[in-house]
Amino acid sequence: MGQRTSGVTTSEQVPPAGTTAAPAPWRAGWLGSALGGIVAVVLTLGVAELISTLGRWIGLLGASSSPFVALGQTFIQFTPEWLKELAIRTFGEHDKDALTAGMALTLLIVAIGIGLLNRRSPRLALGVTALLVLVAGAAVVSRPGADVLDLLPLVVGAIAGVTFLILLARRSLVQDPDSAPLETPSSTASSTASSAGGTDRRRFFRLVGIGAIIGVAAGSLARLVPSAAEVADSRRRISLPTPADDQNIDVDALTLDVAGLTPFVTASSDFYRVDTAFTVPNLTTDEWSLRIHGAVDREITISFDDLLAMPAVQRMITLTCVSNEVGGKLAGNARWLGVRLADVLAMAGPQDGADCLLSTSVDGFTVTTPLAAVTDGRDALLAYAMNGEPLLVEHGFPVRMVVPGLYGYVSATKWVVDLEVTRFADVTAYWTERGWAPQAPIKTASRIDVPAGFAQLTAGSVAVAGMAWAQHRGLRAVQVQIDDGPWQDATLSGEAGIDSWRQWSYPWTATEPGIHTIRCRAIDADGTVQTDAVQGVMPDGSTGLDSRQVTVKA
Ligand SMILES: Nc1nc2c(c(=O)[nH]1)N[C@H]1C(S)=C(S)[C@@H](COP(=O)(O)O)O[C@H]1N2
Ligand SMILES: [Mo]
């Protein structure tokens, strides 16, 4: 016995007392045992990392649910200031790499310790492991914003690691012969010592191999899934420029005060969301760049910092989805901060003959926009902020397009990374390939927010109110009709420019008990009255008048 096998030394083998006739089983040596410990830790962390990443991806878990990250951050927290400064001075930008390397080394030593302990006394090894898991668990839950659920990755990872250690010990592949349990594979196999030893060795390496493969595979898979935490961090670090050109709108002064009426500015978290992304793309500002190519004088690629360095413009613009039914809620109004698309395009120099801007999102979604709409002087933006904050990830972080007057599917590319100057004759986009119109200006629309349909109203003064929009044309009036009565002008809120919607309200004196129908219509700045012709959303947006049936109680 005592042969060397590719770095693994078998220990001195002594047959268990009372089984003198049994063939001496193979035992992993010190190196093999240490390897077992390393694999146990790799397995634990790999599995934990994968679960943490998946959990963060679907928004269930927080950033600190990664035991490795939590330990690292706790480590930084307890590092004395002088050592931090030394690290920064010594490693500069790579101080985090130094920390990672330091942690990896510490973990390696711990892993080897556990592996060797598992050989002497599996029970003690499990005890020490439990203690370490407790420490890691404390690091996880003590991170700001962490909750108990964030322990999930660590717990599942620890179960995998501990199971692995127990398997090694139970099969007595690493154990000292004195404490060999009953079910040693070699004692059940009535074969020669050498073949029994071969079987054990094979079992050991198979187990270690499987453990290592699972651990490494889980860990690598975790690295492939872009980390939502990284993106959140990237979003937090942005310092937005002060707009050089701002409308300086006093929203409160514009707003109509009617209970139940949609706010003039939509809170970003309440903003409607429409996209084809199964999970939102995670893109940090460092990863983001925008390539502008096609029919241009010079192809260019700009970084997020390039964009921030350009003159910033802030505008109130109402987005609308082409799928918005009459009376629907797929419209939202926000202050968008960004750079003029025309400025960015000018850097590349669009060539004559081009009439289309094909924009592509990092998730592959494509949009075709009339080149004229982004260069005719309107406030077509590459926006990086919404309502004073960097874009929410769901709304296109780090950069999206916003073009006043066009439905979202032909203008509002989120997570935009590529602009190609081209011709409508040569390209199609995601939705235009599916039968939606390539040209889709937003249609004049108005809707009733209050009263709700089928409301039971007390006779007297009733506030009828809602929203109206005719982006990039502007609104002249909104009118209300009760039953078959005359169209009456509603009161309009203030105007935040022609690209923004407006609120309206109409004080109705409801006298006659019974069922009544309320209708509304908008008139755009050109004097064109919103059509009452009913059309569905396909292929270029719905038309028709919104109405509510209400009952005035006797
Ligand atoms: N990448 C990407 N951008 C996209 C879409 C999409 O599916 N993917 N949908 C578009 C559509 S149809 C609309 S109406 C708007 C909606 O923007 P919002 O989700 O921020 O409200 O985004 C547009 N931009
Ligand atoms: Mo849309």
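First listed ligand is number 1; within each ligand, the first listed atom is number 1. Along the sequence shown, the residues carry numbers beginning at 1.
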Problem - Residue pair Leu391 / Arg235: nearest heavy atoms and the distance that separates them - result: O-NE, 2.7 Å
Fill in the blank from the handout: A student checking ligand 1 against Thr276 at a 4.0 Å heavy-atom cut-off should list atoms 6 (C), 7 (O)
Practice task
Could you say whether the N/O atoms of Arg273 and ligand 1 ever approach to under 3.5 Å?
Solution key: no
Problem - Phe271 ring center within less than 6.0 Å of Trp336 ring center - result: yes
Handout entry: Flag side-chain contact, heavy atom, 4.5 Å: His472 against Pro404
Key = yes
Handout entry: Whether Arg400 side chain and His395 backbone form a donor-acceptor pair below 3.5 Å
Key = yes
Practice task
Check each atom of ligand 1 against the heavy atoms of Ser361 and keep those under 4.0 Å away; list them by number with element.
Solution key: 1 (N)
Fill in the blank from the handout: For Asp363, the atoms of ligand 1 under 4.0 Å from one of its heavy atoms are 1 (N)
Fill in the blank from the handout: Looking only at protein heavy atoms, what sits closest to atom 16 (C) of ligand 1 is Val274 O, 3.6 Å
Problem - With Glu49, the side-chain contact (heavy atoms from CB on, under 4.5 Å) member among Ser65, Ser66, Ser220, Pro153 - result: Ser66
Practice task
Please indicate whether any nitrogen or oxygen in Glu394 is less than 3.5 Å from any nitrogen or oxygen in ligand 1.
Solution key: no
Exercise for the section: Salt-bridge test for Asp275 and Lys414: reply yes if a basic N is under 4.0 Å from a carboxylate O, no otherwise. Expected result: yes
Problem - N or O pair under 3.5 Å between Trp431 and ligand 1 - result: no
Completion exercise
among protein heavy atoms, the one nearest atom 3 (N) of ligand 1 is Lys414 N, 3.0 Å
Handout entry: Tyr409: numbered ligand 1 atoms lying under 4.0 Å from its heavy atoms
Key = 11 (C), 12 (S)
Problem - Residue among Val258, Leu256, Val251, Thr255 satisfying side-chain contact (heavy atoms from CB on, under 4.5 Å) with Ser493 - result: Leu256
Handout entry: Salt-bridge present (Arg423, Asp355; N to O < 4.0 Å)
Key = no
Problem - Residues Asp245, Arg315: salt bridge by 4.0 Å N-O rule - result: yes
Practice task
Please say whether Ala412 places an N or O atom under 3.5 Å from an N or O atom belonging to ligand 1.
Solution key: yes
Exercise for the section: Report yes if some N/O of Trp415 lies less than 3.5 Å from some N/O of ligand 1; otherwise report no. Expected result: no
Fill in the blank from the handout: If you compare Ala331, Gly408, Gly396 by their heavy atoms, the one closest to atom 11 (C) of ligand 1 turns out to be Gly408
Problem - atom 21 (O) of ligand 1 - nearest protein heavy atom and its distance - result: Tyr272 O, 2.6 Å
Completion exercise
atom 2 (C) of ligand 1: closest protein heavy atom, distance to 0.1 Å, is Phe365 CD2, 3.2 Å
Exercise for the section: Determine, using heavy atoms of Arg400 and all atoms of ligand 1, whether some pair is separated by less than 4.0 Å. Expected result: yes
Practice task
Specify side chain, backbone, both or neither for Val322, according to which of its non-hydrogen atoms lie closer than 4.0 Å to ligand 1.
Solution key: neither
Practice task
Under 4.0 Å from a heavy atom of Phe271: give me the atoms of ligand 1 that qualify, with their elements.
Solution key: 21 (O)
Practice task
Look at the aromatic rings of Phe304 and Tyr384 and report parallel, tilted or perpendicular, splitting at 30° and 60°.
Solution key: perpendicular
Completion exercise
The answer for which part of Cys321 has a heavy atom under 4.0 Å from ligand 1 is both
Practice task
Check Ser361 against Val417 and note the closest heavy-atom contact, atom names and distance.
Solution key: C-CG2, 3.9 Å
Exercise for the section: Would you kindly specify which portion of Tyr407 sits under 4.0 Å from ligand 1, judged on non-hydrogen atoms: side chain, backbone, both or neither? Expected result: neither
Practice task
Determine, for Trp487 and Arg521, whether the Lys NZ or Arg CZ falls below 6.0 Å from the six-membered ring centre while staying within 45 degrees of the axis.
Solution key: yes
